Amino acid sequence: MARTWFITGTSSGFGRLLTERLLARGDRVAATVRKPGALADLQASHGDRLWITSLEMTDSDAIRAVIDKAFAELGRIDVIVSNAGYGLFGAAEELGDSQIRDVIDTNLIGSIHLIRAALPHLRRQGGGRILQVSSEGGQMAYPGFSLYHATKWGIEGFVESVRQEVAPFGIGMMLVEPGPTSTNFGGSLVSAEPVNAYANTPVGDLRRAFSEGSFELKGDPAKIVEAMIASVAQDPAPRRLTFGATAYASIRDALQGRLAELEAQKDAALATDIDA
């Protein structure tokens, strides 16, 4: 059955590939881009099954207006894909104030506003599905990505809470957690000006791996997109889908480590309750 999808960040990466696959299978897509004309080739091939508008994810008023317009013009929208975002690399003290604000405004606050704007429409139509693109970095952390991780851990907490709020309305919410994947994430990565003190630290090691091309990218974006599309048929919606061997291993290690640390301080935790 054909569905209508609303997807942010469709100029490249997962958003572009997802748009291509959905149109090819006969679905309808409302796509947002930052640069007009980014999807001109798809528009020429698929006509009115592709609805395109420009959107800056740091503009909350624009987000609400675009969501309202999409529902008004397209009617029912079955799936919202919050995909727009980018990476910021650098040790915490290397990062500039504007870099910090921009990545939080885009990745975290923009995603929050998008979901909030869509919820009234999804409630009124009796349900729908929201896919929030997160990352393995929503449950573990690499050195040098502190602010990127802050946005992903933040949006995961938001979705975990809102998922419970809207389940009674038939709205399913799912977190998508890909590991390192051969998209253009590296090409759009914003990097801070290096501080020499970090040259021989884990941050410096990772910086060299990026520059030398030795950071391994195992994920297949085409397979990930197909799995995302297939997940919409699952009922209830999975809370999370982790994609890639690297993501599976890194998240598993992180969760096991946190659980071991929690169990190690169990007695101290229980000892701080009010005496019966």
Side-chain angles (χ1 to χ4, degrees), residues 7-18 57 80-92 95 99-100 102-112 114-115 130-163 173-192 202-203 206-207 209-210 215-229 231 237-258:
I7 308 170
T8 61
T10 61
S11 297
S12 60
F14 287 125
R16 167 79 189 209
L17 188 55
L18 186 58
M57 291 299 293
I80 305 290
V81 184
S82 177
N83 168 72
Y86 67 95
L88 174 61
F89 179 79
L95 302 172
Q99 291 177 324
I100 291 171
D102 287 346
V103 76
I104 291 174
D105 283 348
T106 301
N107 292 9
L108 178 57
I109 298 176
S111 295
I112 289 171
L114 177 73
I115 291 170
I130 298 174
L131 274 61
Q132 173 63 55
V133 178
S134 178
S135 162
E136 63 168 346
Q139 296 204 65
M140 53 75 67
Y142 291 101
F145 280 97
S146 58
L147 263 296
Y148 177 75
H149 288 302
T151 65
K152 294 305 182 182
W153 285 58
I155 198 60
E156 293 221 357
F158 176 79
V159 169
E160 282 275 14
S161 178
V162 177
R163 178 184 60 80
M173 299 185 71
M174 186 185 77
L175 289 157
V176 178
E177 298 176 334
T181 306
S182 55
T183 61
N184 69 329
F185 178 83
S188 63
L189 185 67
V190 175
S191 295
V203 173
L206 200 50
R207 183 175 275 127
F210 291 145
F215 187 80
E216 190 172 17
L217 304 175
K218 290 185 176 181
D220 183 331
K223 291 180 179 179
I224 291 173
V225 162
E226 291 296 342
M228 290 171 63
I229 295 171
S231 75
R239 289 172 63 177
R240 285 178 169 82
L241 284 183
T242 299
F243 295 127
T246 300
Y248 175 82
S250 66
I251 292 174
R252 185 172 185 270
D253 287 348
L255 293 176
Q256 288 182 327
R258 290 205 292 277

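Please read all numbers here as calculations on a predicted model, not as lab measurements. What you see below is based on every heavy atom in this structure, not just the backbone, and it leaves out hydrogens, waters and symmetry mates.
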**Asked** Could you go step by step and tell me if T8 and V81 meet the side chain to side chain contact (heavy atoms under 4.5 Å, CB included) rule?
**Response** CA-CA 7 Å; T8 61; V81 184; over 6 Å; no
**Fill in**
Between the CG atom in D102 and the CE atom in M57, the distance rounded to the nearest 0.5 Å is 13.5 Å
**Prompt:** Is there side-chain contact between V159 and V162, with heavy atoms separated by less than 4.5 Å?
**Reply:** no
**Request:** Could you tell me which residues satisfy salt bridge (Lys or Arg N to Asp or Glu O under 4.0 Å) with E136, sequence neighbours excluded, listed by chain and number?
**Result:** none
**Message:** To the closest 0.5 Å, what do you measure between CG (L88) and NE2 (H149)?
**Reply:** 11.0 Å
**Request:** Ignoring hydrogens and angles, state whether a donor on the side chain of E177 or S134 is under 3.5 Å from an acceptor on the partner side chain.
**Result:** no
**Item:** Sub-6.0 Å ring centroid separation between Y148 and F89
**Value:** no
**Request:** Taking all non-hydrogen atoms of both residues into account, name the closest pair between S111 and S82 and its distance.
**Result:** OG-OG, 3.4 Å
**Prompt:** What heavy-atom pair brings P180 and T246 nearest, and what distance separates the two atoms?
**Reply:** CD-CG2, 3.7 Å
**Asked** If we only count heavy atoms from C-beta on, is the I229 to L18 side-chain gap below 4.5 Å?
**Response** yes
**Message:** Is any side-chain heavy atom of M140 closer than 4.5 Å to one of D253?
**Reply:** no
**Complete:** Distance col, row S12:OG vs L17:CG, nearest 0.5 angstrom, shows 11.0 Å
**Least distance between heavy atoms, A192 atom then L95 atom** = CB-CD2, 3.7 Å
**Asked** Which heavy atom in L206 sits nearest to a heavy atom in P143, and how many Å separate them?
**Response** CD2-O, 3.3 Å
**Message:** So, taking the atom named CD1 in I251 and the one named CZ in R240, what distance separates them when rounded to the nearest 0.5 Å?
**Reply:** 8.0 Å
**Message:** Are more than 12 heavy atoms, taken from residues, nucleotides or ligands other than Y248, located less than 6.0 Å from that residue's OH atom?
**Reply:** no
**Residue pair I115 / I130, side-chain heavy-atom distance below 4.5 Å** = yes
**Asked** Between CD1 of I100 and OG1 of T151, what distance do you get to the nearest 0.5 Å?
**Response** 12.0 Å
**Request:** Decide yes or no for Q99 and V190: does some side-chain heavy atom of the first lie under 4.5 Å from some side-chain heavy atom of the second?
**Result:** yes
**Prompt:** Would you say S135 and F145 make side-chain contact, with heavy atoms under 4.5 Å?
**Reply:** no
**Prompt:** Going through the checks in order, is the side chain to side chain contact (heavy atoms under 4.5 Å, CB included) test met by M228 and V133?
**Reply:** CA-CA 10 Å; M228 290 171 63; V133 178; 4.2 Å; yes
**Prompt:** Can you check whether F210 reaches S191 side chain to side chain, under 4.5 Å on heavy atoms?
**Reply:** no
**Asked** So, N83 side chain and I7 main chain: donor-acceptor pair closer than 3.5 Å or not?
**Response** no
**Message:** For the backbone of V103 and the side chain of T106, can you confirm whether one donor and one acceptor N or O come within less than 3.5 Å of each other?
**Reply:** no
**Message:** With side chain to side chain contact (heavy atoms under 4.5 Å, CB included) as the criterion, how do L189 and Y86 come out once you've worked through the C-alpha distance, each side chain's angles and the decisive distance to 0.1 Å?
**Reply:** CA-CA 6 Å; L189 185 67; Y86 67 95; over 6 Å; no
**Side chains of L175 and E156 in contact at under 4.5 Å (non-hydrogen atoms)** = yes
**Message:** Which heavy atom of L255 sits nearest to which heavy atom of R258, and what is that distance?
**Reply:** CD2-NH2, 3.2 Å
**Message:** Please find the pair of heavy atoms, one from I109 and one from D105, that lie closest to each other, and give the distance.
**Reply:** CD1-OD1, 3.4 Å
**Prompt:** Which residues satisfy the side chain to side chain contact (heavy atoms under 4.5 Å, CB included) test with R239, sequence neighbours excluded?
**Reply:** E160, R163
**Asked** Going from CD1 on I80 to CE on M173, what distance comes out if it is rounded to the nearest 0.5 angstrom?
**Response** 10.5 Å
